[in-house]
Amino acid sequence: MEGHEDERLCGKWRVACGLYNYNLRDVFTWRLLKTLLMGQVCSLLICGTAVSCQYLADAKVETPMLQSFLNYAMLLLVYTTILCTRKGDRNILHILKTKWWKYLLMGVADVEANYTVVKAYQYTTLTSIQVRRPSLVSEKPYVNGQ
C-alpha cells in the first residue's frame, strides 16, 4: 500500500516540476518547425529593412513612405490572394463586411509606426532603433482581431 502511495506522490511531484518524458516527435511537430522557420525569415527581412534604411539615411535619402511601400505591396499581394481563395466565413468579402474597421485601424497604426521607425534612422543609429523598435511597431498578427 505504501509503495502505491509513494508512486502517486512521485507522479504529482513530476507533474509539478514538469518532468515528463516527451517524445521528440511530439514536441518538434511540423507546425512548430514551420512557425520557427517563418519567424526566422521574418527576422531576416526586418534586419534587411533596417540595414537598407540605415544606408539610405546615411546617403541623405528621405523617403520613409516609399521605403515601406514595397513591404505593403507584398503584404497586399500575398494576403489578398490567400483570402480570396478561402471559402465561407474566412473569405475576403466576409471579413471586409464584418471587420473592415479593425483592418483600417490597425493598418493606419502600422503605417504610422513604420513611418516613425524609418524616419528615426535619419536621426540615430541602427543599434538604438533596434533596441526601441518593439515599443514602436505594432504586431501584424493582431490585425485579424482573433
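All heavy atoms count here, side chains included; hydrogens, waters and symmetry mates do not.
- Under the 4.5 Å side-chain heavy-atom criterion for Ile, Leu, Val, Met, Phe, Trp and Tyr, Val117 and Tyr55 are members of the same hydrophobic cluster.
- Taking NZ of Lys99 as the reference point, atom NZ of Lys102 lies at 6.0 Å (rounded to 0.5 Å).
- No side-chain heavy atom of Leu33 sits under 4.5 Å from any side-chain heavy atom of Leu37.
- When every heavy atom of Ile95 is checked against every heavy atom of Asp89, the shortest pair comes out as CG1-O, 4.1 Å.
- Here the OG1 atom belonging to Thr35 is positioned 6.5 Å from the CZ atom belonging to Arg31, to the nearest 0.5 angstrom.
- Closest non-hydrogen pair, Val118 versus Ser68, comes out as CG2-OG, 4.0 Å.
- The shortest non-hydrogen separation linking Leu96 to Trp100 is O-CB, 3.0 Å.
- One hydrophobic cluster, built from ILVMFWY side chains closer than 4.5 Å, holds both Tyr103 and Ile92.
- No single ILVMFWY cluster, assembled from side-chain heavy atoms under 4.5 Å apart, contains both Ile46 and Phe69.
- To the nearest 0.5 Å, atoms CE (Met65) and NZ (Lys119) are separated by 11.5 Å.
- The number of heavy-atom neighbours closer than 6.0 Å to CZ of Arg86, taken from other residues, nucleotides and ligands shown, is above 12.
- When hydrophobic clusters are built by joining Ile, Leu, Val, Met, Phe, Trp and Tyr residues whose side-chain heavy atoms come closer than 4.5 Å, directly or via intermediates, Tyr72 is grouped together with Tyr79.
- When the side chains of ILVMFWY residues are joined at heavy-atom separations under 4.5 Å, either directly or via intervening members, Leu56 and Leu66 end up in two distinct hydrophobic clusters.
- Inter-residue side-chain proximity for Gln40 and Leu36 is flagged as unmet; no heavy-atom pair is nearer than 4.5 Å.
- The backbone N or O of Thr49 sits less than 3.5 Å from a side-chain atom of Ser52, completing a donor-acceptor pair.
- Annotation for Gln67 and Cys53: closest pair NE2-SG, 3.1 Å, computed over non-hydrogen atoms.
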